[in-house]
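Nothing here was measured: the structure is a model prediction, and the numbers come from that model. In the text below, chain A, chain B and the rest are named by the order of the sequence lines, each starting its count at 1.
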Number of protein chains: 2
Amino acid sequence: MQTGIVEEFGTAEGGVGTAVRHQLRIATVNVNGIRAAYKRGMDSWLADRGVDILCLQEVRAPDAIVRKLLGDGWHILHAEAEAKGRAGVAIASRTAPVATRDHIGDEYFLTSGRWVEADFEVPDAEGTKTLTVVSAYVHSGEVDTPKQEDKYRFLDVMTGRLTDLRATRDYALVVGDLNVGHTELDIKNWKGNVKRAGFLPEERAYFDRFFGDGIGWKDVHRGLAGEVPGPYTWWSWRGQAFDNDSGWRIDYHMATPELAALAGNAVVDRAASYDARFSDHAPVVVDYQF
Amino acid sequence: MQTGIVEEFGTAEGGVGTAVRHQLRIATVNVNGIRAAYKRGMDSWLADRGVDILCLQEVRAPDAIVRKLLGDGWHILHAEAEAKGRAGVAIASRTAPVATRDHIGDEYFLTSGRWVEADFEVPDAEGTKTLTVVSAYVHSGEVDTPKQEDKYRFLDVMTGRLTDLRATRDYALVVGDLNVGHTELDIKNWKGNVKRAGFLPEERAYFDRFFGDGIGWKDVHRGLAGEVPGPYTWWSWRGQAFDNDSGWRIDYHMATPELAALAGNAVVDRAASYDARFSDHAPVVVDYQF
DNA sequence: CATGGTAAG
DNA sequence: CTTATCATG
């Protein structure tokens, strides 16, 4: 939590008072192995960036190693996958969450290391409110394999959870590597990928529903950036994909409309200013002003 | 084959003639993965060293890759292990062998990638003779595991082959990573290793027999260096073993007495003069003058 | 083209 | 501590 920004506001009584406004800087990043990311300089990125809530995907390390690498000063919620060295999501926050949950759905995704939720108290005009933050890692998928079945199964469960969260909270945020590009603006070479996992019509239809009137979530970065290509958040390690910015926008901030209205300063940290690219994904950082 | 060295000698007829003496420089090196070794500068070592017959162990790469890395100008005999990325021995020679064999024993070691033989023609007072060169890779072993059983089984088969070679050839040479230190001179910290694979009494007894009167082979480097500690040929990657020269002499040139008599200039290329250590083993290079 | 776990050394 | 393979991304 950053030092509050003091500003004047009109009170309900019609007088003039002073209130502390709180800004939360929330970052999501698929680190593709937190050990490798730290070797490549993730620590200096994190030290510079002033993040309040850090959501990680593909942690791919035991809990003890994650705590050692992040160091003191973080409350860490970490859902490891049962399979060692695979998946794993976490939420590291500078203030303690008031409640946490570590999976969605039934037994099938119980130990998949793909979903964690943390509830935080945030200030509100009426006092305080609950902000639920989710770090999510949707399956990569692969056409005509069981991996794609698992991906749809997870997206189904996720649909249910998004519906529930939307119905029960004003402030909820689902961030992470969702492994689907929603529109043609979200993939550099979309025509070449219409038959590939990550841009299949059936996958994109889920996101139409997530962001449609029925479920009613908002794509925060798209809302702030406007209808322009990108900004991409993942580039293959192969060839010159990164240098050519031949990427995919598959890492999202999905917010309830009430929360999306508080968002600003959305940035993909494409590592130009840092020593090195520390993952094949770049962090997506957004400030929320309460 | 290096350019012959011209020297005078007395002929059988009592006259004085001129003959070309041939020197063969034979090197053995456990490369611990030829791809990794080339990344670390094995190519410049090889280009500098003037080797005529290069015997490799732990090649750990498919045949096509070995041929590409060594480049043109070599006749390559390569026994891959059935298990990909494991073991693998080779003999690369500047002149073509006249016969080759790629295993010893029965089916059990047929595809283990641990033994190759190549026959070369070398000049002799009487005309030409056959020189058999073997590149051997004995199991590392591990006490109280099936690996140690395999090691003894291989040493048994090797005993038989050494006996046969000794009986049928004047010139035979077995080089390679034999994974046993013969005497207390062959391991820096021998006292700490008497119960460890590589210096077990039962293993050392095989080498007593190999180099004893019965089978009658000669330890070429020990013969030339004398009864002094080392020179070691392998150092653990861990800690400062290499810098402290805390090593093992487990890479040998084993020659028939007739061949050992022609040996000189035995050197362990401990990489001081090269850019880097390209394996955990150093090459052992010996010149044989026919 | 990279990750980590694994077996092997 | 390093090797290569493997499944995964």
The side chain of B:Ser140 lies closest to which of these nucleotides: C:dT3, D:dA7, C:dG9? C:dG9
Test side-chain hydrogen bond (donor to acceptor under 3.5 Å, both in side chains) on B:Asp150 and B:Tyr108; report intermediate values, then the result. CA-CA 9 Å; B:Asp150 281 352; B:Tyr108 196 74; 2.6 Å; yes
Given side chains that start at C-beta, do those of B:Trp74 and B:Leu46 come closer than 4.5 Å, heavy atoms only? yes
Using a 4.0 Å heavy-atom cut-off across all strands, classify B:Asp280 as base, sugar-phosphate, or nothing. nothing
Could you check how far CG of B:Leu69 sits from P of D:dA4, rounded to whole Å? 11 Å
Kindly point out which of D:dT8, D:dT3, C:dT3 is positioned nearest to the side chain of A:Ala36? C:dT3
Assert yes or no for the condition that the ring centre distance of A:His139 to A:Phe109 is strictly below 6.0 Å. yes
Could you tell me whether the side chain of B:Arg60 has a donor or acceptor atom within less than 3.5 Å of a complementary atom in the base of D:dT3? yes
May I ask you to decide if the ring planes of B:Tyr152 and B:Tyr206 are parallel, tilted or perpendicular, using 30° and 60° as cut-offs? parallel
Among D:dT8, C:dA8, D:dC1, which is the nearest nucleotide to the side chain of B:Arg86? C:dA8
Take atom CG of A:Asn193 and atom C1' of D:dG9, then tell me their distance rounded to the nearest Å. 15 Å
Using whole Å, report how far CD of A:Glu58 lies from P of C:dC1. 19 Å
When you match B:Ala37 and A:Arg238 each to their closest nucleotide on DNA chain D, which lands nearer the 5' end? B:Ala37
Whole angstrom is fine here: how far is it from CH2 in B:Trp248 over to P in C:dG9? 14 Å
Interatomic distance, A:His281 NE2 vs C:dA2 C1' [rounded to whole Å]: 11 Å
Closest-nucleotide 5' rank along DNA chain D - winner of B:Asn32 and B:Lys84: B:Asn32
May I have the distance from B:Glu82 (atom CD) to D:dT5 (atom C1'), rounded to whole angstrom? 15 Å
On DNA chain C, nearest-nucleotide positions of A:Ser236 versus A:Arg35: which is more 5'? A:Ser236
Students often get this wrong, so: under 4.0 angstrom with heavy atoms, is A:Arg196 touching a base, only sugar-phosphate, or nothing? nothing
Answer yes or no: is there a side-chain heavy-atom contact under 4.5 Å between A:Val143 and A:Arg196? no
If you pin B:Trp237 and A:Lys39 to their nearest nucleotides in DNA chain C, which one's is more 5'? A:Lys39
Check the distance between D:dA4's C1' and B:Asn30's CG and give it to me in whole angstrom. 14 Å
Nucleotide D:dG9, atom P - distance to NZ of A:Lys151 in whole Å: 10 Å
Which nucleotide in the set D:dG9, C:dT3, D:dT2 lies at the smallest distance from any side-chain heavy atom of A:Arg114? D:dG9
For B:Glu142, which contact category applies under a 4.0 Å heavy-atom criterion: base, sugar-phosphate, or nothing? nothing
